[in-house]
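Down below is the structure, laid out as structure tokens.
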Protein chains: 2
Amino acid sequence: MYTKYNIMIEHTSISEPIYLRLKEMILNGELKQGEKIVQEKIAELLGVSRTPLMKALLALENEYLVKSIPRRGMYIRSWDQKEIIDIYVCREAIEGMAARLLAQAGDKTVVQQLKDCFSPFQNSDHIDIDVYTKADEKFHSLLIKLTGNEPLDKIYFFGNIHDKVIGHGLIRPPEETLDEHFKIIKAIENGDANEAEKVAREHIKKSRELLFDT
Amino acid sequence: MYTKYNIMIEHTSISEPIYLRLKEMILNGELKQGEKIVQEKIAELLGVSRTPLMKALLALENEYLVKSIPRRGMYIRSWDQKEIIDIYVCREAIEGMAARLLAQAGDKTVVQQLKDCFSPFQNSDHIDIDVYTKADEKFHSLLIKLTGNEPLDKIYFFGNIHDKVIGHGLIRPPEETLDEHFKIIKAIENGDANEAEKVAREHIKKSRELLFDT
DNA sequence: ATATTGTATTTTGTATACAAAATACAATAT
DNA sequence: ATATTGTATTTTGTATACAAAATACAATAT
């Protein structure tokens, strides 16, 4: 037990750091898929009470990372093949629309930021997979964020699940996807909304089709 | 105050009825946009404590109906013009994809259910606006639900905001939209995925453009 | 008259107590 | 040996207490 109410001044509420820690624990596998979250246990582990923990868990439930069964408890979510495909279909719709919006907006700084994600790999003969994976994640979340459409960003919580599902790797090699990324950026730069949406969608679709041999 | 723990056996938790009641209160205007939710007040009004109320409020926050400002409180959300447009853009992406999926699925019962929404109005010379509004809401939520894509349904919480925003009416007259609805259904029936997505999108887009003269 | 400060009141965020439900597991019956 | 019942233990859902932060508002200074 610790002295009440006189520590922790770095944040507005402890729910937030709890939320972040739990998310980290889920994504890096400290908490395993299907595992039950016994509230008292996790609360003690994190040195907090159940109230802010519950708040964090509800937020994670909304992001599809935690599943609650009433009166039974909260569980780390696991995804079967159908759910993963369904999530990729959502991504296809969301990212496609994002690419369209960016193409319509015609903002040079947007194009620059997207290019910056991949410039380190452009003339490199060996691409470090871990670095590229990070860049890829960055690119996809940036694509949504840069639209400035807050609701669109809010419904794009699938990015997290993505790299959890495929186990910290890539579905397809950088040689293949790097070019697709540039095609998306190019279409945005050209202000070709239809093309931007089309290639953004195909990019996601190809990965989905390769995840399982659909 | 009421006797503890021995009433209310019709549901697994009281958060749920609280959630439903609050949602109703927000949508029918009992709670006004921008209004602060003083937890103790609402909890007393509903005859519950702050704990399950908070749970309900967090769920509503995730649906964009409530906005939380840390340490300040929870407020009924209000939407400015940009947000409403952004929400319609999301709907365009989601409903467009839903129509595509249904067209690909080629399920006759799906088509029938969609037709059933509007069959009462087909040969009628006078359409009751309230009845038609209900049918319209039903159609749009059904379009998503029938895909069987749970994540897609989860991110489609904008339907609520829709009729809140426009004040329980319709943006465009039934004469205009009824035909569009049938066009969407027809494309789904024909299994024409591209056409289905296209007309579903145009349908939303037209309404968006009419909401404000964009 | 307006701005500033200080105090009282309200409200939030968190911890905790406790009843009811769920679960574990031993004792008993088949 | 397996199934069933009953009891003990664990865990959840809810209410509530209390500190700290936010707010309201009166008293004082400019």
Side-chain angles (χ1 to χ4, degrees), chain A residues 1-23 25-26 31-62 65-77, chain B residues 1-23 25-26 31-62 65-77:
Chain A
M1 204 58 49
Y2 55 84
T3 320
K4 280 183 194 173
Y5 305 119
N6 52 0
I7 55 168
M8 306 262 186
I9 46 164
E10 291 302 309
H11 44 77
T12 39
S13 98
I14 31 174
S15 293
E16 209 201 314
I18 296 171
Y19 161 82
L20 291 171
R21 186 75 239 291
L22 285 176
K23 191 163 179 173
M25 288 171 82
I26 295 169
L31 292 168
K32 283 199 276 290
Q33 285 188 206
E35 189 173 334
K36 177 166 185 193
I37 297 160
V38 179
Q39 293 172 210
E40 201 62 65
K41 291 249 175 65
I42 301 286
E44 199 184 7
L45 178 74
L46 301 177
V48 296
S49 78
R50 281 169 58 212
T51 313
L53 171 64
M54 196 60 192
K55 218 177 150 182
L57 287 172
L58 290 168
L60 291 165
E61 192 189 2
N62 272 92
L65 289 173
V66 160
K67 188 173 171 65
S68 151
I69 303 174
R71 278 267 162 221
R72 293 297 188 73
M74 304 282 254
Y75 295 81
I76 306 301
R77 215 181 223 285
Chain B
M1 206 57 45
Y2 56 83
T3 320
K4 280 183 193 173
Y5 306 116
N6 53 358
I7 55 169
M8 306 262 186
I9 46 164
E10 291 302 310
H11 44 76
T12 40
S13 98
I14 29 171
S15 292
E16 208 201 314
I18 296 171
Y19 162 83
L20 291 170
R21 185 77 241 291
L22 284 177
K23 191 163 177 172
M25 288 171 81
I26 294 170
L31 292 168
K32 282 197 276 291
Q33 286 188 207
E35 189 174 334
K36 178 168 184 191
I37 297 160
V38 178
Q39 294 172 208
E40 201 62 64
K41 290 249 175 66
I42 302 286
E44 199 183 7
L45 178 75
L46 301 176
V48 296
S49 77
R50 281 169 58 212
T51 313
L53 171 63
M54 197 59 193
K55 217 176 149 182
L57 287 172
L58 289 169
L60 292 165
E61 191 190 1
N62 273 92
L65 289 172
V66 159
K67 188 174 171 63
S68 150
I69 303 174
R71 278 265 163 227
R72 292 297 188 73
M74 304 284 254
Y75 295 81
I76 307 302
R77 214 180 224 285

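Chain identifiers are assigned alphabetically (A, B, ...) following the order of the sequence lines, protein sequences preceding nucleic acid strands; residue numbering begins at 1 within each chain.
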Problem - Within 6.0 angstrom of Lys23(B) NZ, more than 12 heavy atoms from elsewhere - result: yes
Exercise for the section: Kindly say whether Ile14(A) contributes a backbone atom to a donor-acceptor pair with the side chain of Lys55(A) at under 3.5 angstrom? Expected result: no
Practice task
Could you give me the CA-CA distance, side-chain angles and deciding distance for Arg77(A) and Gln33(A), then say whether side chain to side chain contact (heavy atoms under 4.5 Å, CB included) is met?
Solution key: CA-CA 6 Å; Arg77(A) 215 181 223 285; Gln33(A) 285 188 206; over 6 Å; no
Handout entry: Result of checking Asn62(B), Ile18(B), Ile37(B), Ile42(B) against Leu57(B) for side-chain contact (heavy atoms from CB on, under 4.5 Å)
Key = Ile37(B)
Problem - Contact check, side chains of Leu53(B) and Glu44(B), non-hydrogen atoms, under 4.5 Å - result: no
Give me, pair by pair, the N or O atoms of the protein and of nucleotides 9-12 of chain C that are less than 3.5 Å apart, along with how far apart they are.
residue, atom, partner, partner atom, Å
dT12(C), OP1, Ile37(B), O, 3.4
dT12(C), OP2, Gln39(B), N, 3.4

Practice task
Taking the side chain as every heavy atom from C-beta outward, state whether Glu40(B) and Arg50(B) have any atom pair closer than 4.5 Å.
Solution key: yes
Problem - Rounded distance in Å - CD (Glu16(B)) to C1' (dT14(D)) - result: 16 Å
Handout entry: Between P of dA15(D) and CE of Met54(A), the distance in whole Å
Key = 14 Å
Exercise for the section: Measure from CG on Leu57(B) to P on dT14(D) and round the result to the nearest Å. Expected result: 14 Å
Handout entry: Exceeds 12 heavy-atom contacts within 6.0 angstrom, atom CD of Glu35(B)
Key = yes
Problem - Rounded distance (Å) that lies between atom C1' of dT23(D) and atom OH of Tyr75(B) - result: 10 Å
Exercise for the section: Would you tell me if any nitrogen or oxygen in the side chain of Thr51(A) comes within less than 4.0 Å of OP1 or OP2 on dT16(C)? Expected result: no
Completion exercise
One should report the stems of DNA chain D, each a stretch of at least three consecutive Watson-Crick or G-U pairs at distances under 3.5 Å, as C:1-30 with D:1-30
Problem - Leu22(B) and Val66(B), any side-chain heavy atoms less than 4.5 Å apart - result: no
Practice task
Provide, to the nearest angstrom, the distance between the CD1 atom belonging to Ile14(B) and the P atom belonging to dA21(C).
Solution key: 13 Å
